[in-house]
Protein chains: 2
Amino acid sequence: MTTTYSISDLSREFAITTRAIRFYEDKGLLSPERRGQARIYSSGDRTRLKLILRGKRLGLSLEESREIIDMYNPGGSNTGQLNTLIGKIRERKSLLQQQLRDIEGMMGDLDAAEARCLQALQSSENTVNTL
Amino acid sequence: MTTTYSISDLSREFAITTRAIRFYEDKGLLSPERRGQARIYSSGDRTRLKLILRGKRLGLSLEESREIIDMYNPGGSNTGQLNTLIGKIRERKSLLQQQLRDIEGMMGDLDAAEARCLQALQSSENTVNTL
DNA sequence: GAGAAAGTTTACGTTTACGTAAAGGTAAAG
DNA sequence: CTTTACCTTTACGTAAACGTAAACTTTCTC
């Protein structure tokens, strides 16, 4: 027997609304089984949902996430398609590397800002002491 | 003399529309000098714009970017405000660390996908050769 | 001084990613 | 048999981040 999930199972686990999950399905990012009307999610669906949310944390649109997730299992396997897919993958990787640099930059800025704050606190502490 | 920029200077340099730049001003992220009606941007304004765009690449909303940029120069310097500011800075840093993990994850997935593509190309090449 | 180039404001339009009701089906518990 | 909980579809509403068009001023350039 394979584990399955209801829509509210997933909404609870990932702290999102069922509305959002149905919306992702509407946009073609998920396609769960049905038992009558009700949606039944497999662990594969759950993984796809995790990937969608990871994409969101990285600022991707749903469409971009869909494209990327589709890259993970090459559908059309002729040479031309594989080559364009490799191209897309490398584009994505270079965008991720840009994001890495951006994170480093912002992290540095925040570290500096934090240091200035701590410095300011230190100074005001001394000020109080000298009164 | 200090270097200044026109709105189209900046729009060209960063490949964005003047509409976007005015929009950022409208939202309180920029506040350039005026010579009559025309906007005159300082190098500080230019830096702020760079920070805004970096924020966008990381998926931040304009409001979030505004908050973060404001963190860089502590305005109110009383102890309470400094402490809440330090709190916000640390929250941001932990979000950035999550993004780092996400990038590592996605980068790994893309590497694997690329490898499978290359593998598939290799196989098809052999197939051709054996004909 | 006439036209082109770049600037301005005002305002309505558009896409994305859902939120939020409305109106109900289904199934187990009491 | 009704309440309760969870599920469904349909559909209009909304915030963010601009795009786009209109109508006008300012400033070079010839």
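Proteins get letters first, then strands, A, B, ... in listed order; numbering begins at 1 in each. Note that the structure is predicted; figures quoted are calculated from it, not measured.
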Quick one: [X] [atom1] to [N] [atom2], roughly how many Å, whole number?
X       : N      : atom1 : atom2 : answer
A:Leu53 : C:dC18 : CG    : C1'   : 13 Å
A:Leu60 : C:dT15 : CG    : P     : 21 Å
B:Ile52 : D:dA16 : CD1   : C1'   : 15 Å
A:Glu63 : C:dA17 : CD    : P     : 9 Å
A:Ile7  : C:dC18 : CD1   : C1'   : 13 Å

Test your reading of the model: is there a side-chain donor-acceptor pair from A:Asp70 to the backbone of A:Glu67, 3.5 Å cut-off?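 Flag not set: sc A:Asp70 to bb A:Glu67 has no pair under 3.5 Å.
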Taking B:Leu29's backbone N and O only, do any of them form a donor-acceptor pair with B:Arg48's side chain (distance below 3.5 Å, no angle check)?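 Present.
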Stretch residues 15-26 of chain B: residues that reach within less than 4.0 Å of DNA chain D through a heavy atom: B:Thr17, B:Arg19, B:Ala20, B:Phe23, B:Tyr24
Among residues 28-45 of chain B, which ones have heavy-atom contacts with DNA chain D below 4.0 Å?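 The answer is none.
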Heavy-atom side-chain contact between B:Tyr72 and B:Leu51 under 4.5 Å: yes
Passes salt bridge (charged side-chain N to carboxylate O under 4.0 Å, His left out), A:Arg39 versus A:Glu33? Steps please. CA-CA 6 Å; A:Arg39 294 167 171 81; A:Glu33 306 286 312; over 6 Å; no
OP1 or OP2 of D:dA17 less than 4.0 angstrom from a side-chain nitrogen or oxygen of B:Lys56, does that happen here? no
Taking 4.0 Å as the cut-off, does a side-chain nitrogen or oxygen of B:Ser6 come that near to OP1 or OP2 on C:dA6?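 No.
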Looking at C:dG7, D:dC6, D:dC18, which one has an atom nearest to any side-chain atom of A:Ser8? D:dC6
Among D:dC18, D:dT8, C:dA17, the one nearest B:Leu62 by side-chain distance: D:dC18
When you look at B:Arg22 and B:Glu25, which way does the salt bridge (charged side-chain N to carboxylate O under 4.0 Å, His left out) test go after all the steps? CA-CA 5 Å; B:Arg22 292 197 194 95; B:Glu25 178 176 348; over 6 Å; no
If we ignore angles and hydrogens, is there a donor and acceptor under 3.5 Å between the side chains of B:Gln119 and B:Arg116?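 There is no such pair between these side chains.
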Can you list the steps and then say if B:Arg54 with A:Asp109 is a salt bridge (charged side-chain N to carboxylate O under 4.0 Å, His left out)? CA-CA 12 Å; B:Arg54 186 178 70 182; A:Asp109 291 349; 2.8 Å; yes
Applying side-chain hydrogen bond (donor to acceptor under 3.5 Å, both in side chains) between B:Asp102 and each of A:Arg57, A:Lys56, A:Gln99, report the one that passes.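 By the side-chain hydrogen bond (donor to acceptor under 3.5 Å, both in side chains) criterion, B:Asp102 pairs with just one of A:Arg57, A:Lys56, A:Gln99: A:Arg57.
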Quick one: pull up CG in B:Leu95 and CE in A:Met107 and give me the separation to the nearest 0.5 Å.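 It is 9.5 Å, given to the nearest 0.5 Å.
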